[in-house]
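In what follows, a structure is listed as structure tokens, so that the remarks can point back to it.
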Amino acid sequence: MKVDVVLGLQWGDEGKGKIVDVLAKNYPVIARFQGGPNAGHSLQFENKKFVLHTIPSGVFRKNTQNIIGNGVVIDPITFMEECLELEKTGVPVTQRVFISKKAHLILPGHRIIDAASEKEKGDSKIGSTLKGIGPAYMDKTGRNGIRVGDILTSDFRDRYENLKAKQISFLKQFDFEYDINEREPAWFEAIEYLKKFNLIDSEYTINQILDDNKRVLAEGAQGSLLDIDFGSYPFVTSSTTTCAGVCTGLGVAPKHIGTVSGIFKAYCTRVGSGPFPTELNDNNGELLRKLGFEFGATTGRPRRTGWLDLVALKYSVMINGVDQLIMMKADVLDSFDKIFVATAYKVDGEITEQIPYDTYCKIEPVYKEFKGWKRDLSKITKEEDLPFEFMNYVRFIEKEIGVPISIISLGPDRDQTIIRELLSK
Ligand code: GDP
Ligand code: IMO
Ligand code: MG
């Protein structure tokens, strides 16, 4: 059997949490393959709302096993807080969540280095969530990191002190005040809590599940345009957010990748710094933010907003080999008279359909105008009831991208989802 993939095609916050929760009923296993508590995945059902950061979005489904893969970085403190919240609502997290021993730990020092580095960058800061993600992945690739499996070893404290000493030495280059001991007691308490979980060799577990003829759903975090290689570097996160990350972040061979579903909003948002060609700094932008409640699920920061960008979307579809699209939040556009979609860029007077290498160059989007549908879509449950103007928008995107839109989401709730035709490879 295969690992199907759901990942974001824009700058994150496309609605991955909602869709993974919807699809989770069809999968015995949901697995996160990268990122960490920089993610904020919102779910809504039965008048309840949740935001998950490290835990996969299948955790509310009774018979679903949720795996945190080796490609994820875990902050024990935020992980424990998240679990305790879920336990309060009756979710048996220690039974449903399994953690790879090879996942790396975020130490208190990583968060401090994140903050020091951002402060030093000044106006050119990344706009990091300050959860310690970049520094934790730096220690992973620098071969200094501490992994979840290490918490079971007798010299764990020594390993911690060793890395802490390196961090203190690294921090000398910054003019930054910090107290590395402040979060330490809570961190070690959370390490004890982690021991309650099944700490597994998840690559064996997942491959065994596939051998047993069961399907796995891999849940992406962030978005393709925040990918460490293919995003708008350096304004990116530090992991492989694209489909290739599923192989390295779960230990799954490329031949076992099944259907790749790419999620996009019917417009665009970005939180943090970096290029955003279709950004709107006007009333329409403000309206998108207000109607879409575009405020970060992790940091509460207002999200930057803009029109749908097909140049960027085509790029993400190409990099990920997307088989089917999932369109989110079209209901947010309900009241707009006119809707615009960028079909190309003008760079230095030349029209192009490619994203330029230079992150800092001036891009002028070339727009196609659409007539708004001016109807409340949020209560529509059948495709045949969708207005003509809306379907016009849908068909145009499908034609331009060359990939079908299989799911249309028209509200934050599990039930506000129209499933057209799901592909299965
Ligand atoms: P994720 O990080 O990709 O899981 O997305 P977030 O949870 O950070 O952000 C998506 C936001 O949009 C959340 O507040 C969701 O509740 C909300 N949302 C998801 N789908 C829809 C939709 O179709 N319509 C509307 N109006 N809101 C949605
Ligand atoms: P989900 O999974 C949106 C952004 C940050 C910043 C950049 C680097 O909810 O879609 P980091 O903390 O990773 O060093 O920040 O990436 N970012 C996200 N933006 N959604 C996310 O996750 C994000 N995770 C990181 O705002 O610009
Ligand atoms: Mg989010």
**Item:** No-hydrogen, no-angle side-chain donor-acceptor test under 3.5 Å, His53 and Glu81
**Value:** no

**N-O pairing of Glu203 and Lys102 below 4.0 Å** = yes

**Message:** When you compare the side chain of Leu288 with that of Leu333, does any pair of heavy atoms fall below 4.5 Å?
**Reply:** yes

**Message:** So does Gly292 get a backbone contact from the side chain of Lys329, meaning a donor-acceptor N/O pair under 3.5 Å?
**Reply:** yes

**Message:** Whether the Gln34 and Ser239 side chains hold a donor-acceptor pair (N or O, under 3.5 Å, no angle test) is what I'd like checked.
**Reply:** yes

**Item:** Residue Asp175 excluded, over 12 heavy atoms near CG under 6.0 Å
**Value:** no

**Item:** Within 6.0 Å of NZ in Lys382, more than 12 heavy atoms from elsewhere
**Value:** no

**Request:** Answer yes or no for Arg303 and Phe293: cation-pi contact, defined as NZ/CZ to six-membered ring centre under 6.0 Å and angle to ring axis within 45°.
**Result:** no

**Message:** Regarding Tyr233 and Asp227, do their side chains bring together a donor and an acceptor under 3.5 Å, going by distance alone?
**Reply:** no

**Prompt:** Pick from Ile407, Leu9, Val20, Val6: which one makes a side-chain contact (heavy atoms from CB on, under 4.5 Å) with Ile263?
**Reply:** Val6

**Message:** Just so I know, are the side chains of Ile355 and Tyr345 near enough to count as touching, which here means a heavy-atom distance under 4.5 Å?
**Reply:** yes

**Item:** Side-chain heavy atoms of Met328 within contact of Lys18, under 4.5 Å
**Value:** yes

**Message:** Using a strict threshold of under 4.0 Å (side-chain N to carboxylate O), is an ion pair present between Glu161 and Arg157?
**Reply:** yes

**Item:** Any donor-acceptor N/O pair, Glu219 side chain to Ser57 backbone, under 3.5 Å
**Value:** yes

**Sidechain N-carboxylate O distance under 4.0 Å for Lys314, Glu400** = yes

**Asked** Under 30°, 30 to 60°, or over 60°: which ring-plane class applies to Trp373 and Tyr393, parallel, tilted or perpendicular?
**Response** tilted

**Asked** Do the side-chain N and O atoms of Lys140 and Asn70 include a donor-acceptor pair separated by under 3.5 angstrom?
**Response** no

**Ser238 (side chain) donor-acceptor with Tyr137 (main chain) under 3.5 angstrom** = no

**Prompt:** Does a sphere of radius 6.0 Å around CD in Glu177 hold more than 12 heavy atoms from other residues, nucleotides or ligands, not counting ones at 6.0 Å or beyond?
**Reply:** no

**Asked** Where is the tightest heavy-atom contact between Ala31 and Val216, given as atom of each residue plus distance?
**Response** CB-CG1, 4.4 Å

**Request:** Specify the closest pair of heavy atoms between Gly36 and Val72, including all atoms of both residues, with the distance to one decimal.
**Result:** CA-CG1, 4.4 Å

**Item:** Lys/Arg cation over aromatic Phe45: Arg414, 6.0 Å, 45° cone
**Value:** yes

**Enclosure of Asp212 CG (heavy-atom neighbours >12, cutoff 6.0 Å)** = yes

**Plane angle bin for Phe50 and Phe60 - parallel if under 30°, tilted between 30 and 60°, otherwise perpendicular** = tilted

**Test item: Thr299 and Asn38 side chains (from C-beta on) under 4.5 Å apart, heavy atoms** = no

**Item:** N-O pairing of Asp75 and Arg111 below 4.0 Å
**Value:** yes

**Request:** Return yes if some donor-acceptor pair links the side-chain N/O of Asp150 with the main-chain N/O of Asp155 below 3.5 Å, else return no.
**Result:** no

**Message:** For Asn283, is the CG atom crowded, meaning more than 12 foreign heavy atoms sit under 6.0 Å from it?
**Reply:** no

**Item:** Check against ring-ring contact (aromatic ring centres under 6.0 Å, His included), Phe235 and Trp11
**Value:** CA-CA 10 Å; Phe235 302 105; Trp11 287 281; over 10 Å; no

**Prompt:** Hey, is the main chain of Gly12 close enough, under 3.5 Å, to the side chain of Glu14 for a donor-acceptor pair?
**Reply:** yes

**Message:** Does either side chain, that of Tyr160 or that of Glu184, offer a donor lying less than 3.5 Å from an acceptor on the other one?
**Reply:** yes

**Request:** Taking all non-hydrogen atoms of both residues into account, name the closest pair between Pro387 and Ile380 and its distance.
**Result:** CD-CD1, 4.1 Å

**Request:** Would you tell me whether Ser128 and Glu118 have side-chain atoms, one donor and one acceptor, within less than 3.5 Å of each other?
**Result:** no

**Asked** Judged by modelled atom types alone, do Tyr27 and Asp4 share a side-chain donor-acceptor pair under 3.5 Å?
**Response** yes

**Item:** Phe79 and Phe197: CA distance, side-chain angles, deciding distance, ring-ring contact (aromatic ring centres under 6.0 Å, His included) verdict
**Value:** CA-CA 12 Å; Phe79 176 75; Phe197 286 78; 5.1 Å; yes

**Prompt:** Closest approach of Thr94 and Glu87, non-hydrogen atoms and distance?
**Reply:** CG2-OE2, 4.2 Å

**Prompt:** Judged by modelled atom types alone, do Ser224 and Asn320 share a side-chain donor-acceptor pair under 3.5 Å?
**Reply:** yes

**Request:** Please confirm whether the backbone N or O of Asp413 pairs with a side-chain atom of Gln416, one donor and one acceptor, at under 3.5 Å?
**Result:** yes

**Prompt:** Are the side chains of Tyr178 and Phe174 in touch, meaning some heavy atoms are under 4.5 Å apart?
**Reply:** no

**Request:** Please examine the side chains of Thr237 and Ile133, heavy atoms only from C-beta on, and report whether any two atoms are closer than 4.5 Å.
**Result:** yes

**Message:** Does either side chain, that of Thr298 or that of Lys131, offer a donor lying less than 3.5 Å from an acceptor on the other one?
**Reply:** no

**Item:** Pairwise side-chain contact, Leu217 with Leu23, heavy-atom cut-off 4.5 Å (strictly under)
**Value:** yes

**Request:** Ignoring hydrogens and angles, tell me if any N or O in the side chain of Arg96 forms a donor-acceptor pair with the backbone of Val91 under 3.5 Å.
**Result:** no

**Prompt:** Counting N and O atoms only, with roles assigned by atom type, does the side chain of Glu383 sit under 3.5 Å from a partner on the main chain of Arg420, one being a donor and the other an acceptor?
**Reply:** no

**Asked** Is Thr241 reaching over with its side chain to a backbone N or O of Gly223, donor-acceptor style, under 3.5 angstrom?
**Response** yes

**Message:** Between Lys2 and Ser424, do the side chains contain a donor N or O and an acceptor N or O under 3.5 Å apart?
**Reply:** no

**Request:** Decide whether Asp139 and His110 meet the rule of one side-chain donor and one side-chain acceptor closer than 3.5 Å.
**Result:** yes

**Prompt:** Looking at side-chain heavy atoms only, is the closest gap between Arg270 and Asp13 below 4.5 Å?
**Reply:** no

**Request:** Would you check if there is a donor-acceptor pair between the side chains of Ser261 and Gln324 at a distance under 3.5 Å?
**Result:** yes

